[in-house]
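Here is the structure we will look at.
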Number of protein chains: 2
Amino acid sequence: MYDAALTLFAERGYHGTALSQIASMLGIRTPSLYNHIHAKQDLLRDVLTRTTEGVWQDYQEAVEGVDDVVERLSRATRVYALRHAQHRREALVVNRDIANLEEPARTHVLELRRSHARAIQGLIDEGIEAGRFSEPNSTLAAFGVLEMCVSIARWFRDDGPLSAEEVADKYSELALRVAGVV
Amino acid sequence: MYDAALTLFAERGYHGTALSQIASMLGIRTPSLYNHIHAKQDLLRDVLTRTTEGVWQDYQEAVEGVDDVVERLSRATRVYALRHAQHRREALVVNRDIANLEEPARTHVLELRRSHARAIQGLIDEGIEAGRFSEPNSTLAAFGVLEMCVSIARWFRDDGPLSAEEVADKYSELALRVAGVV
DNA sequence: CCTACCGATCGGTAGG
DNA sequence: CCTACCGATCGGTAGG
């Protein structure tokens, strides 16, 4: 059910998806959905909280025990890019329907996102101070890097010429270039 | 009315916006909207066709009469980035609700988009052949460049530290770095 | 898991 | 531009 909702939300958006369509995809009647959820909103909340919590956890695991700041940024962007190639639907829903999430979940999700963005920008700041990156505007560089990764969800195909891992490797390299690695 | 629809579509999406909300923003009743449109879909079509046609025109004007391939890519990304900073709402709607556009407008919009993407990738290919860019995968580089610009619409603020022009200049510089300008 | 059904709201029309 | 109103569909509930 989570999976059916995910597919439809990614395809048509939260408001563009009717519960009847989710039920139909599962071969059951609409009211039967309420044996598993309390409201349509629950499905959106599940997708958004699981995904953003996963992003934050990925980040922490990626940089754990790594000292070199260039390597930390490289690993952080690699796992972020990888997630967007491997979990396209989740990424599309997060970026499209975050405004339709009700409180308090919305604040929780936005705070996790903000933590992640600040962490990436922090790495770029560190790298600049250490003379490893040449891009002076770390805010701009951080947005550029993050959003470039997010966009992978919009074009990546499993049957395309590059695997998710290959794309992730390439993007972590592009990220370093955006930061102006020297 | 176009403007009211644009604001609401950008904020809540096409399916998340009711005609009654558009009418309310204009201080009139819902049925009065039908003196100006035939259907809600007309509003979406107007936003999407105007915007994508504008993107394509911007591109052509930007590269017209410019021979150097690096300069062509720089100018093309500059106008594309500039549009995303100056017309945030339009960009958000295009990227969010293109799937909700009905035929034949949908095909028209997708073809214009594709032409633009191919043009950008073509410039990168040219640059690589001429030994001006070092990124071997032009498809990946083109996606990276284009989507980085698109994302400006998601974070740019008129009252932020950088003007639209400054952001556009910076992004055209980042684009050259993504292509691996040598 | 189902049938039967609820009030609310949707996009849109009739008629002025 | 309005009031009055349409059928369809929405998310959700009652009751089994």
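Chain letters run A, B, ... following the sequence lines, proteins first, then strands; residues in each count from 1. Just so you know, these numbers use all the heavy atoms, side chains as well, and skip hydrogens, waters and symmetry mates.
With rounding to the nearest 0.5 Å, the separation of CH2 in W56(A) from OH in Y80(A) is 12.0 Å.
Nearest approach of E11(A) to A99(B), heavy atoms of both residues: O-CB, 4.2 Å. Shortest non-hydrogen contact noted between I98(B) and R106(B) is O-NE, 3.5 Å. Residues A141(B) and V178(B) share a closest heavy-atom pair of O-CG1, 4.0 Å.
Within 6.0 Å of CZ in R29(A) there are 12 or fewer heavy atoms belonging to other residues, nucleotides or ligands.
Remark: R50(A) qualifies as a cation-pi partner of Y2(A) under the 6.0 Å distance and 45° angle criteria applied to the six-membered ring.
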Counting Watson-Crick and G-U wobble pairs with both distances under 3.5 Å, what is the dot-bracket string for DNA chain D, 5' to 3', using [ ] for crossing pairs and | for pairs to another strand? ||||||||||||||||
Do nucleotides 3-16 of chain C as a string where each nucleotide becomes B, S or -: B if the base has a protein heavy atom under 4.0 Å, S if just the sugar-phosphate does, - if no protein is that close. BB-----SSBB---
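With contacts defined as side-chain heavy-atom distances shorter than 4.5 Å, the pair E173(B)/D169(B) does not qualify.
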